[in-house]
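Working notes for the structure below.
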Amino acid sequence: MLSRVSFLSSTGRCFLLDQNQSTKGELHLCRTQAEFLHQIDKQGPFAPEPGRYHLYASSSCPWANQCLIVHKLKGLDDIISVSIASPRLTKEGWAFASVDAFPGTDPDPLYNSRYIKDLYHRSHPKFQGRCTVPLLWDKRTQSVVNNDADDIMKIFNFAFNDFLPPHYASANLYPTHLRHEIRRIADWVNESITKAIFKAGFAVSSTVYCSAVIPLFEALDQLEGMLAGKDYLVGNQLTQSDIILYVNMIRFDPIYYHHFKCNMRMIRTGYPNIHTWLRKLYWRIPAFQLTTDFNHIKSGFYLSYDPINNSGIVPMGPVPHIEPL
Ligand SMILES: N[C@@H](CCC(=O)N[C@@H](CS)C(=O)NCC(=O)O)C(=O)O
């Protein structure tokens, strides 16, 4: 049984939760910040160059999923290579296909590593922090560039535009005139939705659970109003806020409703505006559908957190995982 699980901070970042530290239903969390925050720019040691960088990700992890979406939206397939780890988190962390050949899992094409942690240790032999995904890697210096989803999304948005055809180069998920609002909404989503979902999911007392799930559904009610008649959260265009919300909402009915006991309402039956917004992204913009792997998402959540699913059964439903438009 895993004794450590990820948990979210007030800013939406993951914490490490040691199950042995849970007493009386209160969660004691050890915060670990993303340790690697290098940027890719022409002036610094990590210059933008096609073929130089590699993204290690898990399709199950919501934060890695955000980066995979932006990678596709910006057409970076030929510029930044990608490897997907097995969704089944092991005691050694995320594993490659050489350890767990779960369908849709890649080997490490660079070093044939067994685990994501091998890369962290190759880059920083004394590293003792959490070996998380997403992980942006520099093939030239054989080192970690950045392991923060927010940063990586911005790097993908801005840093490689010189190498992209105009329609990809001009795609901007973080336009200057909307930046303040994008950040405000993203912070609200992280705080009121993402954090509440994980707090409810990992609660070990009814008090903690209720203190998360009731405000969560109040926030979803508010979100339902915000999305009335709208295809996008901020302005009239796709932005980083939509991506941060999408990774929560696409997991809601298949995972959070049942596995994390967030079951006061489903998105598909309880929130018509959120449901329409979600289905439009999934069915109309290929970058969303192509990076949403329900098998990885469900296996990742249902098989990685033993304390809340010790049978190891991955439920069949909901059927379908996402409804048609
Ligand atoms: N700093 C990261 C955190 C991402 C994160 O927490 N990833 C989790 C999976 S959702 C992880 O890799 N956990 C592995 C572990 O804790 O061993 C970010 O925000 O991008």
Side-chain angles (χ1 to χ4, degrees), residues 1-19 21 29-39 55-71 83-96 99-100 105 113-121 127-137 144-157 183 186-187 189-191 194-195 197-199 201-202 240 243-244 246-248 250-251 255-256 259-260 291-293 296-308:
M1 176 162 125
L2 285 177
S3 63
R4 303 164 107 200
V5 292
S6 300
F7 195 79
L8 285 167
S9 75
S10 58
T11 56
R13 285 290 163 278
C14 268
F15 285 102
L16 190 67
L17 166 64
D18 188 332
Q19 295 284 300
Q21 291 176 320
L29 309 171
C30 324
R31 182 171 192 177
T32 41
Q33 306 273 4
E35 267 101 336
F36 302 94
L37 298 170
H38 301 292
Q39 297 303 310
L55 177 69
Y56 290 102
S58 152
S59 299
S60 165
C61 167
W63 292 272
N65 195 170
Q66 292 172 6
C67 300
L68 291 169
I69 293 168
V70 178
H71 181 267
S83 301
I84 303 291
S86 165
R88 294 186 280 220
L89 193 58
T90 73
K91 285 180 182 161
E92 304 298 322
W94 299 107
F96 289 105
V99 173
D100 181 8
T105 298
S113 313
R114 288 166 57 76
Y115 298 98
I116 289 282
K117 72 169 187 178
D118 301 342
L119 294 154
Y120 278 87
H121 295 145
F127 181 71
Q128 291 194 323
R130 286 175 53 214
C131 299
T132 56
V133 289
L135 171 64
L136 188 60
W137 182 264
V144 178
V145 180
N146 199 303
N147 66 347
D148 180 79
D150 253 4
D151 268 15
I152 296 172
M153 281 194 282
K154 290 199 184 90
I155 289 169
F156 288 178
N157 189 65
R183 198 57 265 161
D187 287 347
V189 170
N190 284 331
E191 175 67 23
T194 319
K195 180 186 171 193
I197 289 169
F198 278 74
K199 187 177 175 189
F202 290 124
Q240 199 170 307
I243 292 159
I244 290 170
Y246 173 86
V247 299
N248 284 283
I250 199 69
R251 285 164 177 73
I255 306 290
Y256 302 146
H259 187 49
F260 280 179
T291 57
T292 301
D293 184 329
H296 275 231
I297 291 173
K298 289 174 69 175
S299 302
F301 278 82
Y302 278 104
L303 299 178
S304 297
Y305 305 117
D306 291 14
I308 39 178

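Order of listing sets the numbers, starting from 1, for every ligand and every atom in it. The model shown is predicted, which means the values in this text are computed figures rather than measured ones.
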Please assess R88 against T105 for the test side-chain contact (heavy atoms from CB on, under 4.5 Å), listing each intermediate value before the final yes or no. CA-CA 10 Å; R88 294 186 280 220; T105 298; over 6 Å; no
Against heavy atoms of D148, which atoms of ligand 1 measure under 4.0 Å? 20 (O)
Using heavy atoms and a threshold below 4.0 Å, how should the contact between S58 and ligand 1 be classified: side chain, backbone, both, or neither? neither
Determine yes or no for a side-chain-to-main-chain donor-acceptor pair under 3.5 angstrom, with S304 supplying the side chain and L89 the backbone. yes
Donor-acceptor side-chain pairing of E35 and N147 below 3.5 angstrom: no
Quick check on contacts: which atoms of ligand 1 are under 4.0 angstrom from a heavy atom of C61? 7 (N), 9 (C), 10 (S)
Hey, which atoms in ligand 1 end up nearer than 4.0 Å to a heavy atom of T132? 7 (N), 11 (C), 12 (O), 13 (N)
Does the side chain of I84 reach to within under 4.5 Å of the side chain of H296, using non-hydrogen atoms? yes
Donor-acceptor pair, H121 side chain versus K117 backbone, under 3.5 Å? yes
State whether a side-chain donor-acceptor pair under 3.5 Å links D100 with S86. yes
Least distance between heavy atoms, W137 atom then L119 atom: CZ3-O, 3.2 Å
Polar contact flag for R130 and ligand 1 (N/O pairs, less than 3.5 Å): yes
Under 4.0 Å to a heavy atom of W63 - the qualifying atoms of ligand 1, by number: 10 (S), 19 (O), 20 (O)
Under a 4.0 angstrom heavy-atom cut-off, which atoms of ligand 1 come close to V133? 4 (C), 5 (C), 7 (N), 12 (O)
Could you work out, for atom 14 (C) of ligand 1, the closest of F198, W94, F36 by heavy-atom distance? W94
Just which atoms of ligand 1 are under 4.0 Å from any heavy atom in P134? 20 (O)
Against heavy atoms of N147, which atoms of ligand 1 measure under 4.0 Å? 1 (N), 2 (C), 18 (C), 20 (O)
